[in-house]
Engineer: 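What follows is a structure written as structure tokens; I'll ask about it next.
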Amino acid sequence: MQAALLAPLLSAGSSVAGGLAARSQAQGEKQLAENNAYIGRTRAIQTDVSAREGLNAELGTLRATLAGNGQRPTVGTQGVMDELRKVRARDRRIEFGNRMSEAAQYRQQAKDAGKAGTAALLGGLIKAGPSLFDAYDIYKKR
């Protein structure tokens with residue numbers, strides 16, 4: 001009789017343990033995705049700063065070159081600098097947006113992994129239900 005009671009309890013325990021293991025794995029995936037999202041945001045910020053510094057360096061070089069050639073600032077040289085700023089700003093916004101998009105994808109993965117972990121735990125508990133009812137029936141018949 002004892003062995004008959006033990007089998008459903010072990011089955012229930014196995015189901016719960018499987019749910020806990022799956023939840024633990026999902027939590028690890030969630031943490032990894034959150035870390036990647038943080039890295040993605042950091043890279044986006046670094047890309048933005050680098051692009052701004054690069055533009056400042058390019059404009060400084062252009063000013064120095066024009067001054068070295070004896071050219072004074074005019075409407076034409078200002079137009080060239082404005083166009084350079086416009087093009088570089090567009091490139092910077094696109095690259096920043098791409099990096100932030102990557103970070104958003106990782107944040108979504110983290111959310112999905114969290115939901116999957118909860119679902120796995122609930123699934124393990126639900127699978128344990130019939131075995132627990134069987135064990136209860138066996139216990140009551142004793």
Engineer: Treating S14 as the side-chain partner and L10 as the backbone partner, does any N or O pair qualify as donor plus acceptor under 3.5 Å?
Structural biologist: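 Side chain of S14 to backbone of L10: no pair is present.
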Engineer: If every non-hydrogen atom of A33 is compared with every non-hydrogen atom of A110, which pair is closest and at what distance?
Structural biologist: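 Looking at all heavy atoms of both residues, the closest pair is CB-N, 3.5 Å.
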Engineer: Using a 3.5 Å distance criterion without hydrogens, assess whether the side chain of T61 forms a donor-acceptor pair with backbone atoms of A57.
Structural biologist: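 Yes, T61 side chain to A57 backbone: donor-acceptor pair under 3.5 Å.
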Engineer: Walk me through whether M100 and R41 qualify under side-chain contact (heavy atoms from CB on, under 4.5 Å).
Structural biologist: CA-CA 6 Å; M100 289 302 286; R41 285 189 304 273; 4.2 Å; yes
Engineer: Going by the side chain to side chain contact (heavy atoms under 4.5 Å, CB included) test, name the single residue among R43, R92, E53 that passes it with D48.
Structural biologist: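 Running side chain to side chain contact (heavy atoms under 4.5 Å, CB included) over R43, R92, E53 with D48 returns exactly one hit, R92.
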Engineer: Do Q25 and K30 come close enough that some side-chain heavy atom pair is under 4.5 Å?
Structural biologist: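 Counting from C-beta outward, Q25 and K30 never come under 4.5 Å.
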Engineer: For the atom pair CG (L32) and CD (Q109), what is the distance rounded to the nearest 0.5 Å?
Structural biologist: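 Rounded to the nearest 0.5 Å, the CG-CD separation comes out at 8.5 Å.
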Engineer: Just verifying a value: how many Å separate R88 CZ and E58 CD, rounded to the nearest 0.5 Å?
Structural biologist: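 CD of E58 is found 4.0 Å from CZ of R88.
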Engineer: Quick check for you: to the nearest 0.5 Å, what is the distance between S15 atom OG and L20 atom CG?
Structural biologist: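 The OG atom of S15 sits 11.0 Å away from the CG atom of L20.
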Engineer: Identify the two heavy atoms, one from A26 and one from A116, that lie closest to each other, and give their separation to 0.1 Å.
Structural biologist: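 So the minimum-distance heavy-atom pair works out to CB-C, 4.3 Å.
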Engineer: Between E102 and N98, is there a side-chain donor-acceptor contact under 3.5 Å, judged purely by atom types and distance?
Structural biologist: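 No, no side-chain donor-acceptor pair sits under 3.5 Å.
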Engineer: In the structure I gave you, are the side-chain heavy atoms of T77 and T74 within less than 4.5 Å of one another anywhere?
Structural biologist: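 Result yes, sub-4.5 Å side-chain heavy-atom pair found.
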Engineer: Taking atom OG of S101 and atom OH of Y106, what is their separation to the nearest 0.5 Å?
Structural biologist: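 It comes to 11.0 Å.
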Engineer: Supply the atom-to-atom distance N36 CG to Q31 CD, rounded to the nearest 0.5 angstrom.
Structural biologist: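 Interatomic distance, N36 CG to Q31 CD, rounded to 0.5 Å: 10.0 Å.
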Engineer: Are any of the side-chain heavy atoms of D82 and Q78 separated by less than 4.5 Å?
Structural biologist: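 When only atoms from C-beta onward are counted, Q78 and D82 do touch, with a gap below 4.5 Å.
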Engineer: Within the 4.5 Å heavy-atom criterion, are L66 and M81 side-chain neighbours or not?
Structural biologist: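 SC-SC contact between L66 and M81 confirmed.
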Engineer: Find the distance between CD1 (I39) and CD (Q46) and round it off to the nearest 0.5 Å.
Structural biologist: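 The distance works out to 10.5 Å.
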